[in-house]
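Report on the structure given below.
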Amino acid sequence: MEKILVIGAFGQLGSELTDELRKKFGETNVVASDLRSDHPKASEGIFEQLDVTDAGRLAEIVEKYEITQIYHLAALLSSVGEGNPQLAWRINMDGLVNVLEIAREKKLNKIYWPSSIAVFGPDSPKQHTPQFTVMNPTTIYGISKLAGEQLCAYYHAKFGVDVRSIRYPGLIGWKSMPGGGTTDYAVDIYHKAVEGENYSCFLNEGTALPMMYMDDAIRGTLELMDAPAEQIKVRTSYNFSGISFAPEEILASIQKTIPEFNMSYAPDHRQQIAESWPQSIDDSKAHEDWGWKPEFDLDRMSEDIITNLKKNLVEAF
Ligand code: SER
């Protein structure tokens with residue numbers, strides 16, 4: 001039986017992925033870990049406090065639970081990373097080095113590590129950005145993810161570590177909040193809409209970015225991890241595409257259910273980051289190699305999020 005450690009289990013992706021992994025592998029086979037120990041989810045199953053830059057503590061947890069797979073999700077995202085590039089580099093790189101090293105030493109079965117559309121930069125093609133193309137990222141987050149991708153490919157080639165990765169677009173879900181990213185507006189906006197408020201968007205009209213509904217992202221991640229190793233031909237990280245839209249398109253989609261909702265624009269430093277990224281992604285390699293196919297379009301995602309957030313709001317009263 002696989003024993004799984006999730007690092008960064010209380011983050012936007014971690015909290016939903018941990019729930020799915022527990023459904024799939026059983027409560028007792030999934031250990032959640034996070035830097036924070038005061039989170040409500042800390043009491044939902046096995047939990048260990050972990051700072052991933054502490055290699056000794058990571059080794060202790062891997063040994064204690066006889067871990068066979070790690071999902072290493074802890075990172076500083078694009079916007080906060082620019083506020084403290086030294087810290088972003090340390091957390092994003094040292095954390096990954098520690099995970100790959102323990103995987104090599106203990107011969108772990110599989111590692112999952114997320115990359116991002118942030119590995120692309122202003123020189124990359126903007127539309128249908130190919131799997132293999134000019135990269136040149138300009139954020140410390142993107143630089144750390146691109147270096148991380150190369151390190152994963154190196155550990156696979158040199159030491160046989162079965163590490164797999166996806167370049168996520170902006171992830172949009174209703175169960176958990178993102179923190180410190182440039183695509184976060186596409187989550188915040190739904191909360192404002194359902195609470196009956198208008199939204200001030202930190203990106204400008206016309207700023208299209210690749211995005212994906214969380215349900216698709218989780219399903220795709222588990223499909224990648226389930227695929228036979230020989231099908232995983234890209235050992236850096238797979239392009240992964242769902243929906244692409246600009247702020248005015250998500251506004252129009254929300255207005256189909258909440259017509260009175262409106263939005264204004266107040267672009268900040270995140271505008272520049274967004275403009276350095278692709279607007280849409282070509283994920284044909286993921287499709288060819290392990291059969292990836294997204295299910296949600298913008299309107300279907302909006303309906304699902306609004307229904308669930310409204311239900312939560314009613315239940316809170
Ligand atoms: N969602 C991330 C960010 O905005 C991109 O990977 O930083």
Side-chain angles (χ1 to χ4, degrees), residues 8 10-17 71-85 87-89 91-93 95-96 112-122 124 126 129 135-149 152 165-190 201-204 207-218 220-221 224 236-247 250 267-281 283 286 294 301 305:
F10 302 154
Q12 186 200 14
L13 175 65
S15 53
E16 298 210 26
L17 199 51
Y71 285 68
H72 169 37
L73 314 174
L76 245 61
L77 295 189
S78 59
S79 171
V80 282
E82 289 311 293
N84 195 341
L87 182 69
W89 180 260
I91 292 183
N92 296 0
M93 292 313 296
L96 178 60
Y112 180 74
W113 175 78
S115 185
S116 160
I117 53 161
V119 293
F120 298 109
S124 310
K126 287 265 173 243
T129 310
M135 313 292 277
N136 298 336
T138 49
T139 61
I140 194 70
Y141 175 65
I143 293 168
S144 71
K145 287 293 182 188
L146 184 54
E149 287 189 3
C152 288
S165 177
I166 282 173
R167 290 172 180 156
Y168 289 125
L171 299 182
I172 309 171
W174 57 272
K175 292 183 193 153
S176 54
M177 295 302 283
T182 301
T183 56
D184 297 9
Y185 90 88
V187 177
D188 300 342
I189 193 170
Y190 286 105
C201 186
F202 59 74
L203 295 185
N204 233 336
T207 315
L209 284 172
M211 302 275 186
M212 186 181 287
Y213 193 37
M214 189 61 92
D215 292 36
D216 270 344
I218 301 274
T221 305
L224 170 75
T236 47
S237 187
Y238 276 98
N239 274 12
F240 194 56
S241 169
I243 329 162
S244 282
F245 57 79
I250 195 170
D268 64 14
H269 69 281
R270 288 168 280 196
Q271 180 64 30
Q272 201 191 345
I273 299 178
E275 282 174 13
S276 77
W277 289 350
Q279 297 183 346
S280 63
I281 297 287
D283 63 355
M301 174 178 83
I305 296 178

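Order of listing sets the numbers, starting from 1, for every ligand and every atom in it.
Judged purely by distance below 3.5 Å, without hydrogens or angles, the side chains of Thr182 and Ser78 pair a donor atom with an acceptor atom. Between the side chains of Thr207 and Gln271, a donor-acceptor pair is found at a separation under 3.5 Å.
Shown here are the side chain to side chain contact (heavy atoms under 4.5 Å, CB included) partners of Asn84, two or more places apart in sequence or in another chain: Gln86, Leu87. Every residue meeting the side chain to side chain contact (heavy atoms under 4.5 Å, CB included) condition with Pro114, not counting sequence neighbours, appears here in chain and number order: Leu73, Tyr112, Lys145, Tyr168. Scored by the side chain to side chain contact (heavy atoms under 4.5 Å, CB included) test, Ala286 finds Tyr238, Trp290, Trp292 as partners (sequence neighbours excluded).
Proximity of a side-chain donor or acceptor of Ser115 to a complementary backbone N or O of Arg167 within less than 3.5 Å is not detected.
When heavy-atom distances to ligand 1 are checked against 4.0 Å, the residues falling inside are Leu77, Ser78, Ser116, Tyr141, Gly181, Thr182, Thr183, Trp277, ordered by chain and number.
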